[in-house]
Trainee: 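My questions all concern the structure below.
For the numbers below, each heavy atom of this structure counts, side chains included, while hydrogens, waters and symmetry mates do not. Since we're looking at a predicted model, the values are computed, not measured.
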Amino acid sequence: AYNGWADLASSLAPSIKYEHITAMGITLSSVIVVVQVMFGLDALAFLALLVIMVAELSSGIIASKMRKEKFSSMKLSRFTFKVAYYLILIFVTNTMANGFRATDQELAYSVFHWMHLFLTIQIVLENIVSVLENLSVISGKEKTHWIRKIQDKIQNLLN
């Protein structure tokens, strides 16, 4: 037996007894769903995308300090512009693919799905290259040091 509707509600959803847990859960769930629908990436993949972008920004700031360059709002604006366009490209190709799939237009779906995968992979790769260049500078090496190491390893695997 329950002593009213509030008792019944808290037995069905015990998190409502605790301040902010339900609101945080609903918000987080909503954001994850929106990210999945908009960008075609699950929460972990989108988080990884954000992490590599933050790593690029922070390593770039540190590398510029190592080169004794002043912090520039122009460079920050360029980074913000680049991130916005990366997200737009991922969003548009995913949305177009989903739209064509929903209307059984398989050829157009295949093209946009391929573009979505290609662009997402390329964007992550570009960010990784930028981070590696920054880490080379930070560690006092030539800017291409880590990229050349990877290229050498790949070349050795192919031989």
Side-chain angles (χ1 to χ4, degrees), residues 20-159:
H20 305 299
I21 290 179
T22 301
M24 282 188 334
I26 290 171
T27 302
L28 185 60
S29 297
S30 299
V31 167
I32 289 170
V33 169
V34 168
V35 164
Q36 174 75 42
V37 170
M38 286 181 61
F39 299 104
L41 302 171
D42 66 18
L44 196 55
F46 192 75
L47 178 63
L49 182 62
L50 294 179
V51 165
I52 194 64
M53 289 178 178
V54 168
E56 181 188 4
L57 177 62
S58 58
S59 67
I61 290 169
I62 295 168
S64 68
K65 284 183 180 184
M66 298 292 288
R67 291 189 299 263
K68 296 182 176 35
E69 297 173 356
K70 285 187 172 181
F71 181 78
S72 163
S73 62
M74 177 60 108
K75 285 184 180 180
L76 183 59
S77 296
R78 189 177 70 207
F79 173 80
T80 305
F81 181 76
K82 182 173 68 171
V83 167
Y85 271 89
Y86 284 167
L87 293 177
I88 288 168
L89 288 170
I90 293 169
F91 167 73
V92 167
T93 54
N94 179 62
T95 302
M96 296 301 288
N98 289 340
F100 285 121
R101 180 178 239 176
T103 56
D104 293 325
Q105 297 178 59
E106 286 302 313
L107 179 58
Y109 161 74
S110 295
V111 169
F112 279 99
H113 180 66
W114 180 87
M115 285 175 64
H116 178 256
L117 292 174
F118 174 82
L119 288 170
T120 302
I121 291 166
Q122 188 64 34
I123 287 165
V124 170
L125 179 63
E126 293 298 333
N127 279 272
I128 290 171
V129 167
S130 181
V131 168
L132 290 173
E133 287 176 342
N134 292 335
L135 291 176
S136 293
V137 170
I138 291 166
S139 61
K141 296 174 177 26
E142 182 184 334
K143 185 175 184 176
T144 59
H145 175 78
W146 293 115
I147 302 301
R148 291 193 191 281
K149 289 263 190 208
I150 292 170
Q151 286 176 319
D152 291 346
K153 287 286 185 190
I154 292 170
Q155 191 61 42
N156 287 339
L157 287 172
L158 295 176
N159 289 335

Trainee: Got a second to check how far Tyr85's OH is from Ile123's CD1, nearest 0.5 Å?
Mentor: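 CD1 of Ile123 is found 13.0 Å from OH of Tyr85.
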Trainee: What heavy-atom pair brings Tyr109 and Ala97 nearest, and what distance separates the two atoms?
Mentor: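 The answer is CD1-O, 3.1 Å.
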Trainee: Just wondering, do Leu76 and Phe71 contact through their side chains at under 4.5 Å, heavy atoms?
Mentor: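 The answer is yes; the side chains approach within 4.5 Å.
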Trainee: What distance do Asn127 atom CG and Gln122 atom CD have between them, rounded to the nearest 0.5 Å?
Mentor: 10.5 Å
Trainee: Treating Thr95 as the side-chain partner and Val92 as the backbone partner, does any N or O pair qualify as donor plus acceptor under 3.5 Å?
Mentor: no
Trainee: Please confirm whether the backbone N or O of Val37 pairs with a side-chain atom of Asn94, one donor and one acceptor, at under 3.5 Å?
Mentor: yes
Trainee: Rounded at 0.5 Å granularity, tell me how far CG in Leu117 sits from CD1 in Ile90.
Mentor: 10.5 Å
Trainee: What is the minimum heavy-atom distance between Met53 and Tyr86, and which atoms define it?
Mentor: CE-CD1, 3.9 Å
Trainee: Could you check whether any side-chain N or O of His145 sits under 3.5 Å from a backbone N or O of Leu132, counting only pairs where one atom can act as donor and the other as acceptor?
Mentor: no
Trainee: Considering only heavy atoms from C-beta outward, does the side chain of Gln36 approach that of Leu41 to under 4.5 Å?
Mentor: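 They are not in contact (no side-chain heavy atoms under 4.5 Å apart), so the answer is no.
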Trainee: Using a 4.5 Å cut-off on heavy atoms from C-beta on, say whether the side chain of Arg101 contacts that of Phe112.
Mentor: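 No; the side chains remain at least 4.5 Å from each other.
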Trainee: Heavy-atom count around Lys65 NZ within 6.0 Å, excluding the residue itself: above 12?
Mentor: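 Check fails, neighbour count at 12 or below.
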Trainee: Taking atom NZ of Lys143 and atom CG of Asn134, what is their separation to the nearest 0.5 Å?
Mentor: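 Spacing of NZ (Lys143) from CG (Asn134) equals 7.5 Å.
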Trainee: Is the backbone of Trp146 close enough, under 3.5 Å, to the side chain of Ser136 for a donor and an acceptor to pair up by distance?
Mentor: yes
Trainee: Are any of the side-chain nitrogens in Glu126 or Lys82 under 4.0 Å away from the carboxylate oxygens of its partner?
Mentor: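 No, this pair does not count.
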Trainee: Do Ile52 and Val131 have side-chain heavy atoms sitting under 4.5 Å apart?
Mentor: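 Counting from C-beta outward, Ile52 and Val131 do come under 4.5 Å.
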Trainee: So how far is it from Leu49 CG to Leu87 CG, rounded to the nearest 0.5 Å?
Mentor: 6.0 Å
Trainee: Roughly how far apart are Phe39 CZ and Leu89 CG, rounded to 0.5 Å?
Mentor: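 Result: 11.0 Å between the selected atoms.
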